[in-house]
**Q** 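Okay, handing you the structure first.
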Amino acid sequence: MNRRTFLCGLTLGTLFAPLAAVAQRVAKVYRVGVIHQGGPYGAVIQGLRDGFGELGFEERKHFVLDIRDMRGDLRAVGEAARELVRARVDLLYTVGTSVSLAAKRATVDIPIVFCAGTDPVGLGLVESLAKPGGRLTGIHFLSTDLTAKRLEVLKELLPKARRIVTFYDPNNPSARESSALARDAARHLGIELLERRVSSVEELLVGLRALRPGEADAFLPVSDAMVLSQTPALVDVMKPKRLPTMIADLNLVAAGALAGYGVNYYEVGHLSAKHVMRVLAGTNPRDLPVESVDRVQLVLNLRVARELGLTIPQSVLVRADHVIE
């Protein structure tokens with residue numbers, strides 16, 4: 001164990017200790033309404049569960065999770081949030097910036113702990129990171145701000161790439177911000193960004209399947225929870241097309257993507273547990289600072305590179321946090 005890991009564990013242990021004491025005397029079974037877009041976001045929920053356990057809270061004894069998987073349908077989030085409020089959950093836990101915004105708009109009084117990959121201040125989820133100032137607080141993890149870097153890494157992996165395709169919902173504010181960052185980065189790198197606008201999972205899948213050989217040199221994700229929720233299907237569609245794919249979810253690189261660049265979703269959920277339990281224990285969200293997950297990892301899939309006839313540059317290989325052989 002290195003010094004950084006030890007100090008991190010010591011700090012978290014110090015923070016968790018009071019909550020563990022609460023778990024020993026809590027009589028109420030808390031109900032947490034969870035809304036997410038499905039797919040890779042399931043890792044966030046598992047991290048949340050494990051985080052609760054490490055705090056001394058047992059599922060069904062101290063808490064229950066009422067989970068609503070939207071399967072990429074952002075339009076259904078508002079009604080799901082209202083249903084959970086009517087079911088008298090104690091708190092909403094929302095995964096993804098667009099989901100959190102929709103849940104905030106659809107509700108009035110219920111506290112919300114969010115996970116947001118886009119700046120929560122800029123999009124109006126909170127007034128500031130230090131003083132959220134309302135009924136929302138949570139975790140900000142790097143995603144949108146990594147858009148340009150993902151494209152840079154993809155260009156390093158594919159020096160001859162000239163056309164990069166991306167899909168997103170233009171009604172999603174995170175996706176609009178992320179696509180603008182991708183557009184600017186593409187211009188600087190001399191790459192043509194092929195933007196495919198879709199408004200549903202069905203349109204996304206049709207668009208992916210319709211990609212013709214040679215139409216694009218690679219796929220780049222932007223910050224759109226609907227698209228990211230379909231990462232498993234996206235990878236499956238791209239494999240027979242032999243289209244190199246960069247994804248945001250590190251856990252699914254092994255399924256057939258060329259590379260993944262982002263944060264560990266499990267860690268995001270794990271850190272969230274402390275926030276959720278503090279709010280349930282009585283802390284006002286307005287006074288609970290938003291925390292950040294900024295540990296970014298690069299995962300490379302050499303097996304896929306070989307299948308595509310690609311050679312990973314040594315300059316990229318040495319920077320990888322994990323390499324799939």
Side-chain angles (χ1 to χ4, degrees), residues 1-16 36 40-41 43-48 50-51 54 93-101 113-132 136-154 156 173-175 177-178 180-182 185 220-225 228 231 246-253 259-276 278 288-300 316 318-322:
M1 178 182 294
N2 59 37
R3 183 175 182 271
R4 181 179 178 183
T5 303
F6 172 76
L7 290 176
C8 180
L10 180 61
T11 302
L12 291 177
T14 303
L15 291 171
F16 287 170
H36 69 112
Y41 295 111
V44 178
I45 312 306
Q46 188 56 52
L48 180 71
D50 291 348
E54 291 182 22
Y93 178 69
T94 55
V95 183
T97 311
S98 55
V99 169
S100 302
L101 284 168
V113 174
F114 61 77
C115 298
T118 304
D119 177 16
V121 178
L123 289 182
L125 284 174
V126 295
E127 294 176 9
S128 74
L129 298 183
K131 286 285 187 179
L136 282 76
T137 187
I139 307 299
H140 172 226
F141 63 93
L142 288 179
S143 183
T144 298
D145 288 346
L146 298 179
T147 304
K149 187 61 179 179
R150 287 190 182 108
L151 185 55
E152 291 173 13
V153 173
L154 194 54
E156 287 184 86
S174 294
E177 181 177 337
S178 184
L181 292 171
L220 172 79
V222 297
S223 293
D224 187 321
L228 296 179
T231 300
M246 164 74 78
I247 62 176
D249 178 45
L250 305 177
N251 295 320
L252 285 174
V253 176
Y261 189 71
V263 302
N264 186 310
Y265 288 162
Y266 176 89
E267 292 178 2
V268 172
H270 191 271
L271 182 59
S272 300
K274 174 168 57 69
H275 268 59
V276 171
R278 282 185 169 178
L288 188 56
V290 174
E291 292 196 42
S292 297
V293 175
D294 54 10
R295 179 172 175 260
V296 179
Q297 299 178 62
L298 173 62
V299 179
L300 300 175
V316 181
V318 297
R319 303 202 310 267
D321 298 277
H322 183 58

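Predicted, not measured: the structure shown is a model, and the values here were computed from it.
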**Q** With rounding to the nearest 0.5 angstrom, report the CG to CD1 distance, Leu271 to Ile139.
**A** 4.0 Å
**Q** Answer yes if the side chains of Ser223 and Thr144 hold a donor-acceptor pair under 3.5 Å, and no otherwise.
**A** yes
**Q** Under 3.5 Å, is there a donor on one side chain and an acceptor on the other for Tyr266 and Asp50?
**A** yes
**Q** For Val99 and His36, run side-chain contact (heavy atoms from CB on, under 4.5 Å): C-alpha distance rounded to whole Å, both residues' side-chain angles, the deciding distance at 0.1 Å, then the answer.
**A** CA-CA 7 Å; Val99 169; His36 69 112; over 6 Å; no
**Q** What pair of heavy atoms forms the shortest contact from Ser272 to Tyr93, and how long is it?
**A** OG-OH, 2.9 Å
**Q** Would you check if the side chain of His275 reaches a backbone N or O of Pro289 as a donor-acceptor pair within less than 3.5 Å?
**A** yes
**Q** Return the CG to OG distance between Asp224 and Ser174, rounded to the nearest 0.5 Å.
**A** 8.5 Å
**Q** Determine the minimum heavy-atom distance between Val113 and Gly138, stating which atoms define it.
**A** CG1-CA, 4.0 Å
**Q** Between the main-chain N or O of Gly117 and the side-chain N or O of Thr97, is there a donor-acceptor pair closer than 3.5 Å?
**A** yes
**Q** Can you name the closest pair of heavy atoms from Gly262 and Leu146 and give their distance?
**A** CA-CD1, 3.8 Å
**Q** Are the side chain of Asp321 and the backbone of Leu298 linked by a donor-acceptor contact shorter than 3.5 Å?
**A** yes
**Q** OG1/Thr94 to CG/Leu101 distance, rounded to the nearest 0.5 angstrom?
**A** 9.0 Å
**Q** Can you give me the closest heavy-atom contact between Val290 and Phe114, atom names plus distance?
**A** CG2-CZ, 4.0 Å
**Q** Answer yes if the side chains of Gln46 and His270 hold a donor-acceptor pair under 3.5 Å, and no otherwise.
**A** no
**Q** Begin from the C-alpha positions of Glu156 and Arg319 and carry the test salt bridge (charged side-chain N to carboxylate O under 4.0 Å, His left out) through to its verdict.
**A** CA-CA 12 Å; Glu156 287 184 86; Arg319 303 202 310 267; 2.8 Å; yes
**Q** Taking the side chain as every heavy atom from C-beta outward, state whether Leu288 and Arg278 have any pair of such atoms under 4.5 Å apart.
**A** yes
**Q** Nearest 0.5 Å please: distance from the CG atom of Leu151 over to the CG atom of Leu181.
**A** 11.0 Å
**Q** Could you tell me if Thr147 and Ser178 have a donor-acceptor pair between their side chains, going purely by distance under 3.5 Å?
**A** yes
**Q** Treating Arg150 as the side-chain partner and Met246 as the backbone partner, does any N or O pair qualify as donor plus acceptor under 3.5 Å?
**A** no
**Q** Which of parallel (below 30°), tilted (30 to 60°) and perpendicular (above 60°) describes Tyr265 and Phe141?
**A** perpendicular
**Q** How long is the span from the OG atom in Ser143 to the CG atom in Leu228, to the nearest 0.5 Å?
**A** 6.0 Å
**Q** Check Ala320 against Leu300 and note the closest heavy-atom contact, atom names and distance.
**A** CB-CD1, 3.7 Å
**Q** Which atom names give the shortest non-hydrogen contact between Val263 and Val293, and what distance separates them?
**A** CG1-O, 3.9 Å
**Q** Taking the side chain as everything from C-beta on, heavy atoms only, tell me whether Arg295 gets closer than 4.5 Å to Glu267.
**A** yes
**Q** Would you say Val121 and Leu129 make side-chain contact, with heavy atoms under 4.5 Å?
**A** yes
**Q** Quick one: pull up OG1 in Thr137 and CG in Leu125 and give me the separation to the nearest 0.5 Å.
**A** 10.5 Å
